[in-house]
Amino acid sequence: LARALLPPTAMEDIPRVVARTAISRLGFDDCVIYLLDDERSTLVQKAAYGPKNPTAKVILDPIEIPVGEGIVGSVAASGRSVLVGDTRQDSRYILDDEMRLSELAVPIVHEGSVIGVIDSEHPDADFYSQAHHDILTTIASMASTKIASALTIERLNETVERLGETERARRDGERR
C-alpha cells in the first residue's frame, strides 16, 4: 500500500488503491471506502472491491450513509472502529444488497477529524480478528495523509480557478 500511494495520485484513485489493497492482501470478501461530505454530514462511497462493485472502478450508484446511521455512520460519528462478529445481533447493521454476518469498519482520521471510513463485510460470522482490525487501522492511517493532501490540492485548484474567473471578469469589465 505504501508503494502504491507514494507516487502523486489523483484523489479519485486513492480510495480504489486502498480498497484493492485491503482485498488482495487481507483476503477480505469486500472493501468499501467512504469519504465524508462535510456539507451534508454524509459518507459517500468512493471505491469498492468485491461484490458491491462489479465494474471494479466506476461506482455506478454510490451508497450514501448519513453520519450516525448504521455501523459505518456510527464509526464516522464516534471516530472509533467497530468489529461485529454477528451482524444479526447488531441493530445498526444496514442490509444493502445481501446479508453478511461479519463487519469491520475503521475510521480514516486526519489531524483528529474523521474524513472517511473503511468498511468490510464477510458472509461468515466471526470472520474478522483483532489482527484484521489492527492492519486495517494501519491502512486507514496511511491513507488519511494521502487523502487529506489530495483534498487540499483539490480545494486549492478550485480556489485558483475561481480567482482566475474573477480576474477575467474584472478585466472584461475594465475593457467595457
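A donor-acceptor distance shorter than 3.5 angstrom exists from the side chain of S120 to the backbone of D30, with no hydrogens or angles considered. Of the possible polar contacts, none joining the Q45 side chain to the P62 backbone as a donor-acceptor pair under 3.5 Å is found.
Proximity of P123 to L101: side-chain heavy atoms (C-beta onward) are nowhere separated by under 4.5 Å.
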Show, in sequence, the C-alpha distance, side-chain angles and deciding distance for V82 and R92, and conclude whether the side chain to side chain contact (heavy atoms under 4.5 Å, CB included) test is met.
CA-CA 11 Å; V82 171; R92 299 171 297 175; 3.5 Å; yes

Go through the steps to decide whether S102 and V84 satisfy the test side chain to side chain contact (heavy atoms under 4.5 Å, CB included), and finish with yes or no.
CA-CA 6 Å; S102 294; V84 179; over 6 Å; no

Test log, rule side chain to side chain contact (heavy atoms under 4.5 Å, CB included), inputs R100 and Y93
CA-CA 9 Å; R100 292 178 181 84; Y93 181 72; 3.8 Å; yes

Would you please test L43 and D37 for side chain to side chain contact (heavy atoms under 4.5 Å, CB included) and show each step?
CA-CA 6 Å; L43 293 158; D37 179 338; over 6 Å; no

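Each of L104, V106, I71 was compared with L83 under the side chain to side chain contact (heavy atoms under 4.5 Å, CB included) criterion, and only L104 meets it. The only option from S144, P15, S141 that meets the side chain to side chain contact (heavy atoms under 4.5 Å, CB included) definition with I108 turns out to be S144.
Side-chain N/O atoms of H110 and T145 include no donor and acceptor closer than 3.5 Å.
How far CG of L36 is from OG of S41: 7.0 Å, rounded to the nearest 0.5 Å. Atoms CG and CD, from L95 and E121 in turn, are 8.5 Å apart once rounded to the nearest 0.5 Å.
With respect to the salt-bridge test (charged N to carboxylate O, under 4.0 angstrom), the residues R40 and E64 qualify. For the pair E165 and R162, the salt-bridge criterion is not met [side-chain N within less than 4.0 Å of a carboxylate O].
Aromatic rings from Y128 and F28 are positioned such that their centres are separated by under 6.0 Å.
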